[in-house]
Amino acid sequence: MSTYTQPTRRAALMIMTGGVVSACAPQITEIESPIPGSNLPPEVLRRYDQIEDDGRIIPAVNPAYLKPHLVRQEVPFDTSRPVDSIVVDPFNHALYLVLGGGRALRYGVAVGDAGRNFRGGATISRKQHWPSWTPTANMIRREPNVYGPFAGGVPGGLDNPLGARALYLYRNGRDTYYRIHGTSQPWSIGMSVSSGCIRLYNQDIIDLYERVPNGTRVHVMSRTESDARFAQQSAAMPGEMDAGL
């Protein structure tokens, strides 16, 4: 069974905010600790064990935050999208890496406003280990009390809202400010939150980061596409998992 770090009540944790036209940013939030426990197989829990990465210790994900439909797994996925491309379904809290042969690797995600408002195609044009984050001049001017303290930037680390890795999406050579990234808030995975981009468990964004190079195509579903995907999934066997991933 995987070990995990049981958090106490926290009152100063960062989450993502901002729209598609502004960078992801921190905000203060507060949560309650969940009841620990999980019925997932040990080999699945091991994917979310504590790991050391570039000298930083990423805590194990509390099993209470791991649901069968949110953990990394191979699933049926019929699509015309090319192999090794990414499809994001922000309405069903899922990101798919297309494997071909009617299969994909699915990751659970949390989705903020920016994640819900972006549609269509883009390209991963930049990747970063332990990314830093700096608010834009417009963000600081608009809400100086919120963003002013971060004007000098937030260095990469466990408390940075972008987590352990970030994938930066561009369209026609321009930064969309749409990010696929990690999170210091694993309890948020599977939720629609008031702000932010597309976030994965840190263990999952590390896995995805290693699988996709710059130049990878990304398609973000519309509501119509998402509804069609949900109907297709409902017809398939739920909870299919591949413990060998």
Side-chain angles (χ1 to χ4, degrees), residues 2 38-49 61 63-112 115-116 118-124 127 165 167 169 178-183 186-193 197-245:
S2 169
S38 174
N39 59 0
L40 291 171
E43 63 269 22
V44 174
L45 294 178
R46 280 195 291 270
R47 299 174 197 167
Y48 300 95
D49 256 331
V61 177
Y65 303 138
L66 296 170
K67 309 301 181 187
H69 66 290
L70 297 177
V71 296
R72 184 169 76 245
Q73 58 190 285
E74 189 176 319
V75 298
F77 192 78
D78 292 326
T79 181
S80 60
R81 302 290 168 186
V83 173
D84 295 331
S85 65
I86 289 173
V87 178
V88 179
D89 183 346
F91 304 97
N92 287 312
H93 305 100
L95 180 151
Y96 299 88
L97 176 62
V98 179
L99 302 177
R103 309 289 292 177
L105 191 56
R106 187 177 71 197
Y107 303 80
V109 303
V111 183
R116 288 189 291 273
F118 184 92
R119 301 287 179 272
T123 301
I124 295 173
K127 301 168 56 179
R165 303 286 190 275
L167 306 174
L169 273 62
Y178 192 95
R179 314 291 190 233
I180 298 171
H181 57 87
T183 182
W187 56 86
S188 69
I189 301 301
M191 296 181 179
S192 294
V193 293
C197 298
I198 299 294
R199 40 178 136 148
L200 289 73
Y201 299 116
N202 275 328
Q203 286 84 346
D204 278 352
I205 191 61
I206 290 173
D207 179 87
L208 180 64
Y209 184 99
E210 296 301 322
R211 294 176 187 267
V212 296
N214 281 329
T216 297
R217 295 293 300 166
V218 178
H219 177 77
V220 182
M221 288 183 175
S222 66
R223 167 63 79 176
T224 299
E225 291 172 306
S226 176
D227 288 346
R229 169 59 51 192
F230 181 77
Q232 181 181 7
Q233 286 180 320
S234 297
M237 291 180 61
E240 180 179 343
M241 305 180 68
D242 183 346
L245 294 176

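FYI, side chains are in, hydrogens and waters are out, and symmetry mates aren't considered; it's all heavy atoms of this structure.
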Once you round to the nearest 0.5 Å, how far does [atom1] of [X] lie from [atom2] of [Y]?
| X | Y | atom1 | atom2 | answer |
| --- | --- | --- | --- | --- |
| Arg199 | Met191 | CZ | CE | 9.5 Å |
| Ile86 | Arg81 | CD1 | CZ | 13.0 Å |
| Ile198 | Arg179 | CD1 | CZ | 13.0 Å |
| Leu70 | Tyr201 | CG | OH | 4.5 Å |
| Tyr65 | Ser188 | OH | OG | 10.0 Å |
| Thr216 | Ile124 | OG1 | CD1 | 4.5 Å |

Report yes if the side chains of [X] and [Y] come closer than 4.5 Å at any heavy-atom pair, otherwise no.
| X | Y | result |
| --- | --- | --- |
| Leu208 | Leu167 | yes |
| Val218 | Tyr178 | no |
| Leu40 | Pro68 | yes |
| Tyr107 | Ile205 | no |

Determine the minimum heavy-atom distance between [X] and [Y], stating which atoms define it.
| X | Y | result |
| --- | --- | --- |
| Asn92 | Ser226 | ND2-OG, 3.1 Å |
| Pro63 | Leu45 | CB-CD2, 4.3 Å |
| His181 | Cys197 | NE2-CB, 3.6 Å |
| Leu200 | Gly108 | CG-O, 4.0 Å |
| Pro186 | Val61 | CB-CG1, 4.1 Å |

(message) I'd like to know if the side chain of Ser222 reaches the main chain of Glu225, judged simply by a donor and an acceptor atom lying under 3.5 Å from each other, with no hydrogens or angles considered.
(response) yes
(message) Between Gln73 and Val71 (side chain of the first, backbone of the second, donor and acceptor by atom type, cut-off under 3.5 Å), is there such a pair?
(response) yes
(message) Checking Arg217 now: which residues fulfil salt bridge (charged side-chain N to carboxylate O under 4.0 Å, His left out) with it, not counting sequence neighbours?
(response) none
(request) Identify, with sequence neighbours excluded, every residue that meets salt bridge (charged side-chain N to carboxylate O under 4.0 Å, His left out) alongside Asp84. (result) none
(request) Please determine which of Val88, Asp89, Thr79, Leu105 meets the side-chain contact (heavy atoms from CB on, under 4.5 Å) test together with Tyr96. (result) Asp89
(request) Run the numbers on Phe91 and Val111 for side-chain contact (heavy atoms from CB on, under 4.5 Å), then give the verdict. (result) CA-CA 8 Å; Phe91 304 97; Val111 183; over 6 Å; no
(message) Arg106 vs His69, test: side-chain contact (heavy atoms from CB on, under 4.5 Å). Steps then yes/no.
(response) CA-CA 9 Å; Arg106 187 177 71 197; His69 66 290; 4.2 Å; yes
(message) Test of understanding: with side chain to side chain donor-acceptor pair (under 3.5 Å), list the residues that count as partners of His93, not counting sequence neighbours.
(response) Ser192
